[in-house]
Amino acid sequence: MKEAGRIRMTTPLVEMDGDEMTRILWKMIKEELLSPFVDLKTEYYDLGLEHRNDTKDQVTVDAANAAIKYGVAVKCATITPNADRVKEYALEEMWKSPNGTIRSILGGTVFRTPIIVRGIEPCVRNWERPITLARHAYGDVYKNAEIKIPGPGTASIVFTGADGRTLTEVVHEFDGPGILQGVHNTESSITDFARACFTYALDIGQDLWFAAKDTISKKYDHTFKDIFEDIYEKDYKDAFAAAGIKYFYTLIDDAVARVMKAKGGFIWACKNYDGDVMSDMVSSAFGSLAMMTSVLVSPSGVYEYEAAHGTVQRHYYRHLEGKETSTNSVATIFAWSGALRKRGELDQIPELCAFAHRLEKATLDTIAGGRMTKDLALITSLQDVKVLNSREFIKAIRVKLEEILKQN
Ligand code: NAP
Ligand code: MG
């Protein structure tokens with residue numbers, strides 16, 4: 001397509017490059033699927049591990065601040081260093097997870113959504129539309145204090161206020177050895193979580209479900225329920241009604257039962273532990289980790305889009321040996337389309353939103369037409385599929401995309 005026909009952008013998208021196989025895909029996606037059609041305006045941050053090390057991880061902080069400045073970011077998968085990586089990359093330090101750093105600067109909630117396509121059927125027959133999972137990523141059992149009780153005695157919890165006053169509750173009178181755990185959460189974190197969930201539900205026009213165990217946990221879980229309810233009543237009820245969507249609270253066990261019978265097409269907000277467990281169940285039941293997108297939404301409305309999977313290290317090592325890879329780029333493509341659509345919405349560039357939609361359609365049509373990467377070929381219900389390598393798959397999407405763009 002000629003230069004002049006490319007879609008113009010007005011505000012830069014914050015682009016966070018990453019590592020290994022996804023870094024290779026990132027470049028191919030830009031070259032084949034984006035740059036020919038969009039006059040890409042990005043502010044580029046190289047979050048590849050080498051550059052993070054060179055900048056003492058300052059680049060991650062800078063990228064997060066740029067996301068706050070511009071409002072929309074797209075991120076490639078990145079290595080979270082462990083001892084092996086420190087050796088492999090001769091790192092100065094075991095730098096923290098970039099996602100953790102970015103989340104601690106932006107705050108907010110991660111929403112994960114499976115990409116549904118004809119030919120990859122969910123294990124749960126009645127799931128016709130995606131279920132988006134929102135996990136409250138703070139507190140509870142993930143920031144606990146634990147004691148292994150050696151023998152008989154009394155276990156209590158004590159809160160000492162800043163004014164010195166104390167609140168005490170006996171947990172249990174032990175008559176032998178046992179275990180004890182203290183967990184907490186904060187009103188501000190739960191409030192941010194609730195706001196991010198309501199905001200995102202309005203943004204994508206889907207119902208919001210939230211569940212806890214308030215019948216058993218009359219103060220702890222009940223507080224979650226109350227905070228959601230208060231914020232909804234105060235700030236979102238009218239907007240939800242206007243958008244024709246609902247907020248629905250139920251008990252966690254009832255929610256699980258209903259999710260299994262539901263058709264999908266809603267957001268399921270979960271407490272930290274429930275979200276940890278349920279996101280793995282929902283994503284594997286929908287088919288493949290490679291078909292899961294993820295967006296971090298901050299309470300102030302900053303959006304950061306990425307694939308839910310990692311850097312696909314095994315494939316990268318094959319790639320380095322000069323061997324062919326068949327790595328699925330769908331979630332990374334959808335991270336870009338999500339970010340471009342959001343940029344288009346904010347800047348009122350309808351062509352950019354339309355392009356994002358067509359890019360997604362081209363990707364899904366390619367798979368539904370029987371051309372896919374190996375991971376999908378292994379689970380598809382389609383007959384006679386053609387397995388493509390990483391580059392061929394992106395090129396096949398390019399062909400479809402050009403067809404779609406010609407029709408419009
Ligand atoms: P991974 O990259 O998600 O890959 C695990 C396995 O899942 C792969 O070996 C592959 O299976 C399959 N897979 C995942 N994505 C795929 C795709 N797009 N196409 C085809 N197959 C795919 O997880 P990992 O290997 O445990 O982690 C690698 C690195 O990623 C780690 O350094 C970790 O820190 C990082 N990570 C980053 C993020 C993030 O930035 N958001 C998230 C998770 C992990 P087969 O090998 O069987 O084909
Ligand atoms: Mg988990």
Backbone of D280 reached by a side-chain donor or acceptor of S284 within 3.5 Å: yes

Presence of salt bridge, E345 and R341, under 4.0 angstrom: no

K374, NZ: over 12 other non-hydrogen atoms inside 6.0 angstrom: no

Under 3.5 Å: donor-acceptor pair, side chain of T366, backbone of A362: yes

Shortest non-hydrogen contact between A212 and D221, atoms and distance: CB-OD2, 3.6 Å

Non-hydrogen side-chain atoms of I179 and E146 separated by less than 4.5 Å: no

salt_bridge(R52, D19) N-O dist < 4.0 Å: yes

Verdict with supporting geometry, W336 and E15, side chain to side chain contact (heavy atoms under 4.5 Å, CB included): CA-CA 9 Å; W336 273 101; E15 174 183 354; 4.0 Å; yes

Test log, rule side chain to side chain contact (heavy atoms under 4.5 Å, CB included), inputs R129 and F266: CA-CA 8 Å; R129 299 177 60 207; F266 55 88; over 6 Å; no

Shortest non-hydrogen separation from F37 to E32 and the atoms involved: CE1-O, 3.7 Å

Verdict with supporting geometry, L33 and I333, side chain to side chain contact (heavy atoms under 4.5 Å, CB included): CA-CA 9 Å; L33 302 177; I333 294 170; 3.7 Å; yes

F198 ring center near Y247 ring center (under 6.0 Å): yes

Within 6.0 Å of CD in E187, more than 12 heavy atoms from elsewhere: no

Ion pair D17/K27, N-O distance below 4.0 Å: no

Side chains of R85 and E88 in contact at under 4.5 Å (non-hydrogen atoms): yes

Short side-chain donor-acceptor distance under 3.5 Å, E321 and Y317: no

SB check R23 E20 (cutoff 4.0 Å): no

Rounded distance [0.5 Å steps], CD in E324 versus NE2 in H319: 12.0 Å

Atom pair CG (L25) and CE (M21), whose distance is rounded to the nearest 0.5 Å: 5.0 Å

Closest heavy-atom pair and its distance - R398, P36: NH1-CG, 3.8 Å

Interatomic spacing from CD1 in I24 to CD1 in I29 - rounded to 0.5 Å: 11.5 Å

I367 side chain near M291 side chain, heavy-atom distance below 4.5 Å: yes

Residue Y89 excluded, over 12 heavy atoms near OH under 6.0 Å: yes

G275 versus L133, closest heavy-atom pair with distance: O-CD2, 3.7 Å

Any P130 side-chain heavy atom under 4.5 Å of P114 side chain: yes

T373 versus D375, side-chain donor and acceptor atoms under 3.5 Å: yes

H357 atom NE2, neighbour heavy-atom count above 12 within 6.0 Å: no

Atom pair OG1/OH of T223 and Y220 - distance to nearest 0.5 Å: 9.5 Å

Backbone N/O of I7 and side chain of D39: donor-acceptor pair under 3.5 Å: no

Partner of F193 by ring pair (Phe, Tyr, Trp, His ring centres under 6.0 Å), out of F111, Y200, F228: F228

Ring centre gap for W127 and F286 strictly below 6.0 Å: yes

CD1 (I379) with more than 12 external heavy atoms under 6.0 Å: yes

Parallel, tilted or perpendicular, as decided by the 30° and 60° cut-offs, for the rings of Y305 and Y303: parallel

Crowding at CG, D163 (>12 non-hydrogen neighbours, <6.0 Å): yes

Trace of the side chain to side chain contact (heavy atoms under 4.5 Å, CB included) decision for M9 with E351: CA-CA 10 Å; M9 295 175 64; E351 311 88 80; over 6 Å; no

SB check K225 D214 (cutoff 4.0 Å): yes

Side-chain donor or acceptor of S298 paired with backbone N/O of S300 under 3.5 Å: yes

Side-chain heavy atoms of L376 within contact of I120, under 4.5 Å: yes

CA sep, side-chain torsions, deciding dist, call: S294, E306, side chain to side chain donor-acceptor pair (under 3.5 Å): CA-CA 5 Å; S294 158; E306 70 171 317; 4.6 Å; no

Any donor-acceptor pair under 3.5 Å from T154 side chain to E173 backbone: no

Under 3.5 Å donor-acceptor, T55 side chain and H51 backbone: yes

Heavy-atom check, side chain of K75 versus side chain of N99, under 4.5 Å: yes

Between D192 and S189: side-chain donor-acceptor atoms closer than 3.5 Å: no

Short N-O contact, R8 and D347, less than 4.0 angstrom: no

A262 backbone acceptor or donor facing N126 side chain under 3.5 Å: yes

Shortest non-hydrogen separation from E304 to I102 and the atoms involved: OE2-CD1, 3.9 Å

Backbone N/O of L289 and side chain of S283: donor-acceptor pair under 3.5 Å: no

Heavy atoms of other groups near Q383 CD, more than 12 under 6.0 Å: no

Test: K56 and E93 ion pair at under 4.0 Å: no

Centroid-centroid under 6.0 Å between F210 and F248 rings: no

Any donor-acceptor N or O pair under 3.5 Å, side chains S390, T325: yes

Donor-acceptor contact present, side-chain N272 to main-chain G139, <3.5 Å: yes

Salt-bridge contact R135-D274 (side-chain N to carboxylate O under 4.0 Å): no

Test item: V330 and F393 side chains (from C-beta on) under 4.5 Å apart, heavy atoms: yes

Sidechain-backbone polar pair: T78 side chain, P98 backbone, donor-acceptor under 3.5 Å: no

E50, CD atom: more than 12 neighbouring heavy atoms under 6.0 Å: no

W95 side, atom CH2; D57 side, atom CG - distance, nearest 0.5 Å: 6.0 Å

K69 side, atom NZ; T11 side, atom OG1 - distance, nearest 0.5 Å: 11.0 Å

cation_pi(K143, Y138) dist<6.0 Å, angle<=45: no

A368 versus L382, closest heavy-atom pair with distance: O-CD1, 3.6 Å

